[in-house]
Amino acid sequence: MRILLSLALVISGTAAAQTTVPAPIDAVDPMIGTGGEGHTFPGATAPFGMVQLSPDTDTSCEIRACYGHAAGYRFEDPTIQGFSHTHFSGAGHSDLGDVLVMPQAGEQVRLDPGDPRRPSSGYRSRFDHASEVARPGYYAVTLADHDIRAELTAGTRIGVHRYSFPAGRAAHLLIDLRTSLYNYPGKILWSGLHLRPDGTLTGFRETRGWAPGRKLYFAMRFSAPLTGHAFVDRDTAVAYKGFQGPGRGSDAVAEKLGRALEARLDFGRLTAPLEVRVALSGVDEAGAVANLDAEPGGFDAIRGATAQAWAKALGAIEIDAPAPMRTNVYTALYHALLAPSVWSDADGRYRGPDDQVHVAKGFTFRSTFSLWDTFRAEHPLLTLVQPAQTNVDVVRSLVESRRHSPYGILPVWQFAGRETWTMIGYHAAPVIADAYLKGIRGFDADAALDAMVASADYAPYGGLGDYIARGYVATDKEPEAASKTVEYAYDDWTIARMARAMGRTQIADRFERRAGYWRNSFDASTGWVRARLSSGAFRTPFDPTAINYGSDYTEGNAWQYSWFMPQDEAGLIRLLGGDAKAIAKLDAMFDYDNSKLDYSHAEDIAGLIGQYIHGNEPSHHVAYLYNFAGAPWRTQERLAQIVASQYKPAPDGLAGNDDLGQMSAWLVFTALGFYPVAPGSNEYVIGRPFVDRAMLNLPGGKRFTVIADGLSGTNRYVAGVTLNGAALERSYIRDEEVRAGGELRFTMSASPNKLWGSGEAARPFSMSKR
C-alpha cells in the first residue's frame, strides 16, 4: 500500500508539473487583432512605452484603402516593408510609422520599397508566419528575400533591433524617412539626418498628418562601425556622401537637410549580429541622444528588463481559466497597457499642444488619448490595475495639456502632444472625475475641475454654445447633434459628481441640471434619441437604422445612442414605459434582422449582433442594461453571446478595432464578472464571470478574488452571489468594496435565477431612481 501510494504521488506530481499554468506573459498573444478589423500591431513595446517597434507590411496604400493598415501590419499581407518605431494599437484612423529601418544583404542596395502586389520588388521582403515570434516586448521574423533574421525589442523610450546577416554577404541598413502610415504626397514636410563623429546617426522629421505639424526626433547607434554611407534626398535623387566611419570625415559634410531623406548605411561583411539602438524624442535630437543614454544595454539586456516590466504589469491580475480564455483575457490586459503612452523625455521635457517645450515635474507626461473610446472601460480598468503612478500621470498630463492648449480646454483625441479634434465630447472629464471619486490623488483637484468646466463651457466647440443655450445641440447647425447632446450630458454629470465631492456646490448644481439635457433629445412618442432642429422639432424623415458619417449620430444610429445616458438609465426606462418595455426593446436590438441593410460604407461598424455593434464603443454598456430593468439573467445571456462571437485567440480575434485598449478592457472587466457602465458612479454592474478564478493584486498587499463555482459552457447563469461570505442580492458592486480586498463568489447554474438582482433596491446607480 505504501509503495502504491508513493507511486500515485509521483505520477500525480509529474502530471501537475506537465500541466503547469504558464506565466501571464507567456499567455499573451500579440498576434491577436492583427487580422480582420482589430488594427493591433505585433511588434515590441514596453508598458505604455514611447516606442512601438513593429513591422509594417504596407505603407503605400491609398488613404481610403489604408483603414485595414492603421497599425502598419496586417496579418494577411505577404511582405514586410520595414520596421518603424511608432504605431497605434487598434485605432480606427492612423498616422505614425516613423523612422522605418530595413536591412539588406549583398552588393546591390535597393532604395525604393517596391509594390506590395509584387513581393520581390523594391527593398521589401517576403516572410512566413511560421518564422514569426511575438511576445510582450519581443518580435522576430525571417526576411526570406534577404535571408536575414530580424529581432526587435523595446524599452520605455528606445527600440533595439538585432539583425543576423547571411555569412559572406555585405550588410546594409536603409533608413527611410519618406514613409508614413496613411501616406500621401507632401505629408512629410521636412526631414533631416546628421551623422556625428562618434558614429551616432540623429535626425528628425515633421509631418502634416492626423496631428498637423508633428515633430519627431531620433538618435541611432550601431554595434559595428560604418564602412560607408549615403544620404539621399528623394526629391532631387542626389546622393550626398561624406563621413566614412569613426574618426574620419566631418559632421558638416555628412549633413543634408531636406524633405523625404533616406540613409543607406554600410557595415561590410559582419561576423556577428548587428544591433541597432534607437531612441525617440518629441523635443530635439539632443533629447533623443539623452534618452538613448538613459537606457543603456544591448539587445538582451533591454529585452530582459522589458520582460520583467511586463511580468509585473500583467501580474496585476492572476487568472485561472481554460487556455483559450486565459489567452484572450491576458492579451486583452496587454493591449490595455499600451496607452496612454509616454511622451516626455527622460529629463521630463516634452512638446505640448502649443508646439512648445515644457517640463513635467514630478510626473511622466503621457499622450495618445483616444478619449471617446477609452473613458468607458480602459481608464476605469487602469484605476484598478495601475492605480498609482499611471493615473497620476494620466490626470496630470490631461490638466497640463489644458494649460498649454491654445484653446484652454482638455484634450479630445491627442497624440504626440498634438490635438486631432477627432470624435466628440469632452471625455477627459469622466476620466478625471472617475479617478478622483475613487480616491486617486497626486494632482491639483481644483485645477482639474476648473479644466473640466472650461472644456464644458467652450462655446465654439462642437455646438456647445447651442447646447448651453437650448439644452440640446441643433442638428441644422451642427452635425452629429443627437450623439453630442447625450454625450455632453453624461460628461456634465461627471463634472457635477466631482464638484459635489469637493464641496463646490454652485458648479455641482449647474452641471446636474445639464446632466438631464439628454431628455431634450429623447422623443417620447417614438422611444428614440433623435436630433432636433433649432426650431425645436425633431428632424424628419427618421430611420433608426441609418448610419452615415456627418449625420445625426457619431459612428452609429438611433439604436445605439438611444441607450446612452449611463448616468440615468432608470430615467430612460421610465420614459420607455417600464421594465417590460425596456427589456423588449433591448431584445429587439440584439435580435434585429440586418439582412436588408448595407453598412459597407461605414468602416467602424463591425461585430454586429442585430443592431448591437460590439466593434464600436457606443454599444459597449448596452448588454448590462437588463440589470437596470430587473433582469440580470438576460444580461448574462447576452454576455455569453457577445464573448463567444466577438473574441477568440486568433489574428482575427477582435471583432472591431481595439481603439487603444477599449475593446480589450471590456473583455477584462466582463471576464471578471462586472463592468463600469457609468464611470464616475463608483459602481460596477455585475454580469457573469468567464474565468474560473481571478485575483486582483491591489496596493498595500490587498487582494480581491473572483471565484466562479461550477462555471462551464452549460452553466452560464448566475444562481447566487456572495461578497466576503455574505449573500449579495444587488446586481452591482461598489468600487470601495473591490479596493478593500475580499472575495466575490458566483455560483453558476444551467438555468437562470430570475429573482436574483431583480428587486428595485438591487439595481445599479441612476440619477432618477424610480
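Using a 4.0 Å cut-off between charged side-chain N and carboxylate O, D552 and R530 make no salt bridge. Ion pairing between R734 and E737 holds under the 4.0 Å rule for side-chain N and carboxylate O. Ion pair K215/D355 flagged as a salt bridge, since at least one NZ, NE, NH1 or NH2 atom sits closer than 4.0 Å to an Asp/Glu carboxylate oxygen.
Here the shortest heavy-atom pairing between A481 and A531 reads CB-CB, 4.5 Å. Nearest heavy-atom pair across A70 and H93 is CB-O, 3.8 Å.
Taking the six-membered ring where the residue is Trp, Y612 and H614 present parallel rings, their angle staying beneath 30° rather than reaching 60°. Between F41 and H87, the angle of the ring planes lies from 30° to 60°, which puts this pair in the tilted group.
The backbone N or O of W210 sits less than 3.5 Å from a side-chain atom of D95, completing a donor-acceptor pair.
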- Query: Given W413 and F88, is the ring-ring contact (aromatic ring centres under 6.0 Å, His included) satisfied, shown in steps?
  - Reply: CA-CA 13 Å; W413 209 122; F88 293 124; 5.6 Å; yes

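More than 12 non-hydrogen atoms from other residues, nucleotides or ligands lie less than 6.0 angstrom from CD of E736. Atom CZ of F363 has more than 12 neighbouring heavy atoms from other residues, nucleotides or ligands inside a 6.0 Å radius.
Side chains of S534 and D476: a donor on one and an acceptor on the other come within 3.5 Å. Side-chain contact annotation: N557 with T545, donor-acceptor N/O pair under 3.5 Å absent.
The residue from D457, D492, T505 that alone fulfils the side-chain hydrogen bond (donor to acceptor under 3.5 Å, both in side chains) condition with R510 is D457. Screening W493, F511, Y426 for a ring pair (Phe, Tyr, Trp, His ring centres under 6.0 Å) involving Y488 leaves a single residue, Y426. Looking at Y675, F564, Y684 one by one, the single match for ring pair (Phe, Tyr, Trp, His ring centres under 6.0 Å) with H621 turns out to be F564.
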